[in-house]
Amino acid sequence: MALLISHSAPTTAYISCSAASRNSSISTPPLLKNLKFPRFWPWQKVKIGPMNVSPMGFGTWAWGNQLLWGYEESMDDELQQIFNLAVESGINLFDTADSYGTGKLNGQSEKLLGKFIRNFQGNKQARDNIVIATKFAAYPWRLTPNQFVAACESSLDRIQIEQIGIGQLHWSTANYAPLQERALWDGLVAMYDKGLVKAVGVSNYGPKQLLKVHEYLKARGVPLCSAQVQFSLLSMGKDQIEIKNICDSLGIRVIAYSPLGLGMLTGKYSANNLPNGPRGFLFRQILPGLEPLLNSLKEISQKRRKTVSQVAINWCISKGTIPIPGVKSIKQAEENLGALGWQLSSDELLQLEYAAAESPRKMVQNIFQTR
C-alpha cells in the first residue's frame, strides 16, 4: 500500500450545538444539532515537498518508550483509538523513527503505526492519504550508503508499506564523525532515487550543517523538503530563528518537535507536581523559571477559551511550522486537536514571545543538535 497525498477534504469531526442552546431561550433546530465541521479546511493544508499535509502532525516517540514515557503493551488498544481519531479528524502526518522503542521494543513505534494503518476501518481515502515521516538513526555501524538504504528497507518492512513519505536523517555526525556524515547523505540520495521514500529531510541540524546538506542534495537532484528541530516557546533561541529563516528562504518546511517542552508548556505541572522518571528531574530545574511564560499562556488561554497546551501548539502553527506533539491518551489527542482551526493574533504572539524572553529558564537542547 502506497501512502500518498491527494487534495481531498479532511474527514470531519462532530461538534454539538446543544451547549449553546442551554444559554438561550431559543431551541436549536434539529438540523443544526450534531453538525459536522472540519478541524481545518482543505486550503489550510501545508505543502511539504511534493505532499500536502495537515497543519499539525502527531509524534509517536512515546509509542514503545518505557524509560521516559512509561509505555506498556496494554496501551495499544487506546493508541489505536488515538490513531483512528487523528485520521478521522484530518491528521495525515505521523512522525516516528527506527530507534523509537526501548530495549527489546526497539522499532515498536514503526510497528504500531503499520498495525494501526492496517486496522483502520474508516474512510479508505483518508487512510491512503497518510504520510509517514520516519527518521533513520546515525548509528556508528551505519558507515555506507547501502547500510543506510538497508535501514530504510527495514523501516518499510516494520511499517509494511510500499513507500515512506519522508525519510529523515535523525541527527548529524558532523561533530564527532564527519566522514560518516557524507555516507549518510549519499544514503538519503540512494533511497530517494530508488523510490523508497517520496521525499527526504533532516533532524537536529543546525544552520551551518543545514546549508551544507541542502547544497549537497541539490547538486544530486534531491530536494531537501523538511528540517525537524526542537521548536517551541521554550526553544526559540538564536539557532532556531536562524534555522527557520534559512528554511523559509530555501522552501524547506520546519517540523517542530517537542512543541510542549516535554509537557512543561501544558500548565499541568508545578514544582510541587512533577512527572515521574527522568522528566521530573528536568522539570525541577526549569519550571521555577517559567512563571512569566506560563502566566501569559494561561491568560491567553482563558480569553480564548482554549487550554494552555492548545495555545502553545497554536503558537508553533502561527510561526509557520508543523508541530508534532506526542500523544498517549484519547484526552491528550482531543486536546491537541483543539489547537487547530483558529490562530493567535499578532499581539498575542508578541506577548508570548516577550514572556518567553523574560523567563530565565530555557529548554535543554538536544545533545545531537549541530551548528
Side-chain angles (χ1 to χ4, degrees), residues 1 3 10-16 39 53-54 56-124 126-127 129-134 155 158-161 257-269 273-280 306-310 312-313 323-340:
M1 177 179 68
L3 297 175
T11 309
T12 53
Y14 290 92
I15 68 170
S16 174
R39 296 282 185 174
V53 300
S54 44
M56 176 183 73
F58 273 14
T60 64
W61 180 19
W63 300 6
N65 189 303
Q66 295 175 316
L67 176 65
L68 195 63
W69 298 107
Y71 166 80
E72 298 291 342
E73 291 185 48
S74 59
M75 298 176 178
D76 289 357
D77 287 345
E78 183 169 12
L79 292 179
Q80 174 79 66
Q81 294 175 48
I82 290 168
F83 177 85
N84 295 347
L85 172 64
V87 177
E88 289 164 358
S89 299
I91 300 298
N92 72 331
L93 176 64
F94 293 86
D95 181 79
T96 183
D98 64 358
S99 61
Y100 285 178
T102 49
K104 66 179 182 179
L105 295 174
N106 193 48
Q108 181 75 351
S109 174
E110 290 184 332
K111 292 176 184 176
L112 287 174
L113 270 175
K115 174 185 173 183
F116 297 160
I117 292 169
R118 294 190 298 277
N119 291 345
F120 180 70
Q121 299 297 312
N123 183 279
K124 182 180 183 299
R127 184 190 67 192
N129 288 344
I130 291 168
V131 173
I132 300 297
T134 196
S155 289
R158 279 189 291 271
I159 307 171
Q160 294 186 32
I161 55 176
Y257 75 79
S258 292
L260 297 174
L262 299 180
M264 276 183 275
L265 296 182
T266 63
K268 299 172 184 175
Y269 299 101
N273 178 32
L274 299 171
N276 296 323
R279 282 196 304 152
K306 301 292 182 182
T307 67
V308 169
S309 295
Q310 289 165 354
I313 294 171
I324 48 169
V327 281
K328 290 197 305 176
S329 68
I330 290 289
K331 182 179 179 181
Q332 286 178 342
E334 290 174 338
E335 183 173 7
N336 290 350
L337 288 167
L340 295 168

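Note: hydrogens, waters and symmetry copies are ignored here, and every other heavy atom, side chains too, is used.
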Who pairs with Asp95 by side chain to side chain donor-acceptor pair (under 3.5 Å), at least two apart in sequence or on another chain?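 So Asp95 forms a side chain to side chain donor-acceptor pair (under 3.5 Å) with Lys135, Gln168, Gln228.
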
Could you pull out all residues at least two apart from Thr134 that satisfy side chain to side chain donor-acceptor pair (under 3.5 Å)? Glu110

Least distance between heavy atoms, [X] atom then [Y] atom:
{"X": "Arg118", "Y": "Ile159", "value": "NH1-O, 3.5 Å"}
{"X": "Lys328", "Y": "Leu79", "value": "O-CD2, 4.2 Å"}
{"X": "Asn336", "Y": "Met56", "value": "O-CE, 3.4 Å"}

Say you draw a straight line from [atom1] of [X] to [atom2] of [Y]; how long is it, rounded to the nearest 0.5 Å?
{"X": "Arg279", "Y": "Met264", "atom1": "CZ", "atom2": "CE", "answer": "9.0 Å"}
{"X": "Phe83", "Y": "Phe94", "atom1": "CZ", "atom2": "CZ", "answer": "4.5 Å"}
{"X": "Asn106", "Y": "Gln108", "atom1": "CG", "atom2": "CD", "answer": "10.0 Å"}
{"X": "Leu340", "Y": "Ser89", "atom1": "CG", "atom2": "OG", "answer": "9.0 Å"}
{"X": "Ile313", "Y": "Thr266", "atom1": "CD1", "atom2": "OG1", "answer": "10.0 Å"}

Contact between [X] and [Y] at the side-chain level, heavy atoms closer than 4.5 Å - yes or no?
{"X": "Arg127", "Y": "Ile117", "value": "yes"}
{"X": "Arg158", "Y": "Leu113", "value": "no"}
{"X": "Ile91", "Y": "Leu337", "value": "yes"}

Quick one: ring pair (Phe, Tyr, Trp, His ring centres under 6.0 Å) partners of Phe58, sequence neighbours excluded?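 Testing Phe58 for ring pair (Phe, Tyr, Trp, His ring centres under 6.0 Å), a comparison that skips the adjacent residues, returns none.
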
Counterpart residues, ring pair (Phe, Tyr, Trp, His ring centres under 6.0 Å), relative to Phe120 (two or more places apart): none

Keeping the roles fixed (side chain from [X], backbone from [Y]), state whether a donor-acceptor pair exists under 3.5 Å.
{"X": "Glu78", "Y": "Ile330", "result": "yes"}
{"X": "Ser109", "Y": "Thr96", "result": "no"}
{"X": "Asn92", "Y": "Ala126", "result": "no"}

Kindly determine whether Gln80 and Asn84 satisfy side-chain hydrogen bond (donor to acceptor under 3.5 Å, both in side chains), including the steps that lead there. CA-CA 6 Å; Gln80 174 79 66; Asn84 295 347; 2.9 Å; yes

Phe116 and Trp63 aromatic centres sub-6.0 Å: yes

With Lys331 via salt bridge (charged side-chain N to carboxylate O under 4.0 Å, His left out) - residues at least two apart: none

Non-neighbouring partners of Gln310 that pass side-chain contact (heavy atoms from CB on, under 4.5 Å), sequence neighbours left out: Lys306, Thr307, Glu335, Ala339, Trp342

